[in-house]
Amino acid sequence: QVQLVESGGGLVQAGGSLRLSCAASRSFRAFNGMSWHRQVPGKQRELVATITTRSGITNYADSVKGRFTISSDNAKNILYLQMNSLKPEDTAVYYCKARTILDNDFWGQGTQVTVSS
């Protein structure tokens, strides 16, 4: 079992910034990669950003490129999502996901991000 604990969500005005954190109960050496997803009520969960934790290779959804940065602190087993220039359309519940070497996926509990105009 892998537990992912997210924090950092909240309310922010458009143009502001938030930094989400995802702390894992296992070493990142157990993961092939980690990712951030978001979901709005009534819509499917959307991939936001991915990172290969060992190499640091990252990928982003077009909607967040240039504004969001995913990173990992492998020593502390913490995944981050730095969100800048936030827009109201970024409002969603954000989830952290870890994929293990055995290709099992584990999800965090989700943290609410609300961007007001």
Point to revise | T52 side chain to G56 backbone, donor-acceptor under 3.5 Å | key: no
Exercise for review: Determine which pairs satisfy salt bridge (charged side-chain N to carboxylate O under 4.0 Å, His left out) with at least one residue from residues 2-17, sequence neighbours left out, and list them in order.
Suggested key: none
Review point. Does G9 offer a backbone N or O that forms a donor-acceptor pair with the side chain of T111 under 3.5 Å?
Key: yes
Exercise for review: Could you list the residues that satisfy side chain to side chain donor-acceptor pair (under 3.5 Å) with Q109, not counting sequence neighbours?
Suggested key: none
Under 3.5 Å, sequence neighbours excluded: what are the donor-acceptor pairs made by side chains of residues 73-81?
{"unit_1": "D73", "atom_1": "OD1", "unit_2": "A75", "atom_2": "N", "d": "3.2"}
{"unit_1": "D73", "atom_1": "OD1", "unit_2": "K76", "atom_2": "N", "d": "3.1"}
{"unit_1": "N74", "atom_1": "OD1", "unit_2": "S72", "atom_2": "OG", "d": "3.1"}
{"unit_1": "N74", "atom_1": "ND2", "unit_2": "T53", "atom_2": "O", "d": "2.8"}
{"unit_1": "N77", "atom_1": "OD1", "unit_2": "F28", "atom_2": "N", "d": "3.1"}

Check your understanding: Considering residues at least two apart in sequence or located in another chain, which fulfil the side chain to side chain donor-acceptor pair (under 3.5 Å) criterion with T114?
Key -> Q112
**Study point:** Shared hydrophobic cluster, L20 / Y95 (ILVMFWY, side-chain heavy atoms < 4.5 Å)
**Key:** no
Review point. Under 6.0 Å from the CD atom of Q13, do we count more than 12 heavy atoms belonging to anything else shown?
Key: no
Review point. What pairs meet the salt bridge (charged side-chain N to carboxylate O under 4.0 Å, His left out) rule with one or both residues in residues 41-58, with sequence neighbours excluded?
Key: R38-E46
Review point. Taking it one step at a time, do Q1 and F106 satisfy side-chain contact (heavy atoms from CB on, under 4.5 Å)?
Key: CA-CA 8 Å; Q1 293 290 328; F106 294 87; 3.9 Å; yes
Review point. What closest approach, in Å, do S117 and A14 show between heavy atoms, and which atom pair accounts for it?
Key: CA-CB, 4.3 Å
Check your understanding: Do L4 and M34 pass the side-chain contact (heavy atoms from CB on, under 4.5 Å) test, and can you show the C-alpha distance, the side-chain angles, and the key distance before you say yes or no?
Key -> CA-CA 11 Å; L4 304 173; M34 301 188 74; 4.2 Å; yes
Point to revise | Partner set under salt bridge (Lys or Arg N to Asp or Glu O under 4.0 Å) for R67, not counting sequence neighbours | key: D90
**Study point:** Residue list, salt bridge (Lys or Arg N to Asp or Glu O under 4.0 Å) with D105, at least two apart or on another chain
**Key:** K97, R99
Revision key, fill the gap. Interatomic distance, CG@N32 vs CD1@I101, rounded to 0.5 Å, equals 5.5 Å
**Study point:** Partner set under side chain to side chain contact (heavy atoms under 4.5 Å, CB included) for V12, not counting sequence neighbours
**Key:** L18, L86, V115
Study note, to complete from the structure: Here the ring-ring contact (aromatic ring centres under 6.0 Å, His included) pairs for residues 33-74, sequence neighbours left out, are H37-W107
Exercise for review: Kindly state each residue pair satisfying disulfide (SG to SG under 2.5 Å) with at least one member in residues 57-117, sequence neighbours excluded.
Suggested key: C22-C96
Point to revise | Within 6.0 Å of CD in Q3, more than 12 heavy atoms from elsewhere | key: no
Check your understanding: Under 4.5 Å between side-chain heavy atoms, hopping through other hydrophobics if needed: is there a path connecting V48 to V113?
Key -> yes
Review point. Can V2 be reached from Y94 by stepping across I, L, V, M, F, W or Y side chains whose heavy atoms are under 4.5 Å apart?
Key: yes
Review point. Is atom CD of Q44 surrounded by more than 12 heavy atoms (other residues, nucleotides or ligands) closer than 6.0 Å?
Key: no
Practice item. Can you sort out the partners of K65 under salt bridge (Lys or Arg N to Asp or Glu O under 4.0 Å), two or more places apart, ordered by chain and number? Key: D62
Point to revise | side chain to side chain donor-acceptor pair (under 3.5 Å) contacts in which one or both residues fall within residues 16-28, not counting sequence neighbours | key: S17-N84
Exercise for review: Taking all non-hydrogen atoms of both residues into account, name the closest pair between I51 and S71 and its distance.
Suggested key: CD1-CA, 3.9 Å
